[in-house]
Protein chains: 2
Amino acid sequence: MADKREMFRNYISQQGLKLTRQREIILDEFLRAAAHLSTEELYHRVRKKHSHIGYATVYRTLKLLAECGLAKERDFGGGQSLYEVAHRGYHHDHLICVECGEIIEFENARIEELQKQVAHEHGFVMTDHRLEIYGRCAKCSSS
Amino acid sequence: MADKREMFRNYISQQGLKLTRQREIILDEFLRAAAHLSTEELYHRVRKKHSHIGYATVYRTLKLLAECGLAKERDFGGGQSLYEVAHRGYHHDHLICVECGEIIEFENARIEELQKQVAHEHGFVMTDHRLEIYGRCAKCSSS
DNA sequence: TTAAGTGCAAACTTTTTGCACTGGC
DNA sequence: GCCAGTGCAAAAAGTTTGCACTTAA
């Protein structure tokens, strides 16, 4: 987490941007979040402690975080996009409960491999992918 | 295609809805489209021939088509959602060129199987999934 | 000092909705 | 004739932007 703040500072200065109090607050609150956050949710969390911070700043900062690789924008449909803390080095996909909304992250090397193969078969060079599995989680299935 | 119109009529009457001229026009134009259409695009196509049809009607009809299984809503990000003609019976995924925007549909039974397995490992019962592979297509890679 | 950043409100984009009128059944 | 559907315009909902003021470097 400390290294992520470091990364942010590096990026900021490299780009000739400025490290403002707001950006630090928003970054900290973002890193504190375990799950996938909407801009709205992050805005409210930030607001609880720092009521002066505006909506636009949260949007702008979240974009900045995505730009520098600390955040990843995810669009699961349903209007707004969610951001998650980027786990550097490995790609993961999502398992989403259609009933309670729980989101579980997973990795599967075999699937990744097959994807690359499919892309190749169609003459594509794969740059990214996204896989979401929807279903009912254990809790929701039993009840 | 004729059977799809039939399906639509059946659904309409079963639900106690009405088969209006607008709905027929929109359905026809939708079925004519080969690729993935945004509501906006469909609206413009419909408008060319029938300038009296409103935006809201296109939205409402597209929702109706999705409801009765004739259309599938796809959200590739980028603001608006796209609809595609639902190919009944099999599920397919998408390969998307990040440069020219071309969308190719594919199926891969092995990947599907692995997905079901992943869901199972996490106690999920899979109901649906979505897989998108992003990359550069042959044309865009070479140029 | 000075250019980037902020907060606010207004603008924009996509989608939905309220309502009076129209038209299938 | 009834009630669902339509077209329009207004409202929502999410996001972006213009601008005058503030602040990090």
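Below, all heavy atoms of this structure are taken into account, side chains as well, without hydrogens, waters or symmetry copies.
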Minimum-distance nucleotide to [X] side chain [options: [options]]:
X: A:Leu17; options: D:dT16, C:dA4, C:dT16; answer: C:dA4
X: A:Ala56; options: C:dT6, C:dA9, D:dG14; answer: C:dA9
X: B:Arg60; options: D:dT15, D:dC8, C:dA9; answer: D:dC8
X: B:Tyr59; options: C:dA9, D:dC8, C:dT15; answer: C:dT15
X: A:Ser81; options: C:dT15, C:dG7, D:dT15; answer: D:dT15

How would you label the contact of [X] with the nucleic acid (heavy atoms, under 4.0 Å): base, sugar-phosphate, or nothing?
X: A:Arg23; value: sugar-phosphate
X: A:Ser38; value: nothing
X: A:Ser13; value: nothing

Dump the pairs, protein N or O against N or O of nucleotides 21-23 of chain C, anything under 3.5 Å, distances to one decimal.
unit_1 : atom_1 : unit_2  : atom_2 : d
C:dG23 : N2     : B:Lys18 : NZ     : 2.7

**Message:** Quick test of your reading of the model: are B:Glu6 and B:Arg9 salt-bridged, counting only N-O distances below 4.0 Å?
**Reply:**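 Answer for the salt bridge query: yes.
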**Prompt:** Are the charged groups of B:Glu29 and B:Lys49 less than 4.0 angstrom apart, N to O?
**Reply:**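 Yes, this pair counts.
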**Prompt:** Where the side chain of B:Thr127 meets the backbone of A:Tyr134, is there a donor-acceptor pair that is under 3.5 Å apart?
**Reply:**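 Answer holds: yes.
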**N/O donor-acceptor pair under 3.5 Å between A:Ser141 side chain and A:Cys137 backbone** =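 Yes.
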[X] side chain near [N] phosphate (N/O to OP1/OP2, under 4.0 Å):
X: A:Gln22; N: C:dG7; answer: yes
X: A:Thr20; N: D:dA24; answer: no
X: A:Thr39; N: D:dG14; answer: no
X: A:His52; N: C:dG7; answer: yes

**Request:** Compare all side-chain heavy atoms of B:Leu17 with those of B:Arg23 and state whether any distance is below 4.5 angstrom.
**Result:**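 Of all side-chain heavy-atom pairs linking B:Arg23 with B:Leu17, at least one is under 4.5 Å.
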**Message:** Does A:Leu70 form a side-chain contact (heavy atoms from CB on, under 4.5 Å) with A:Leu27? I'd like the steps, not just the answer.
**Reply:** CA-CA 9 Å; A:Leu70 281 169; A:Leu27 173 60; 4.3 Å; yes
**Message:** Here's a test of your reading of the structure: between B:Leu19 and B:Tyr55, which maps to the more 5' nucleotide of DNA chain C?
**Reply:**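 The answer here is B:Tyr55.
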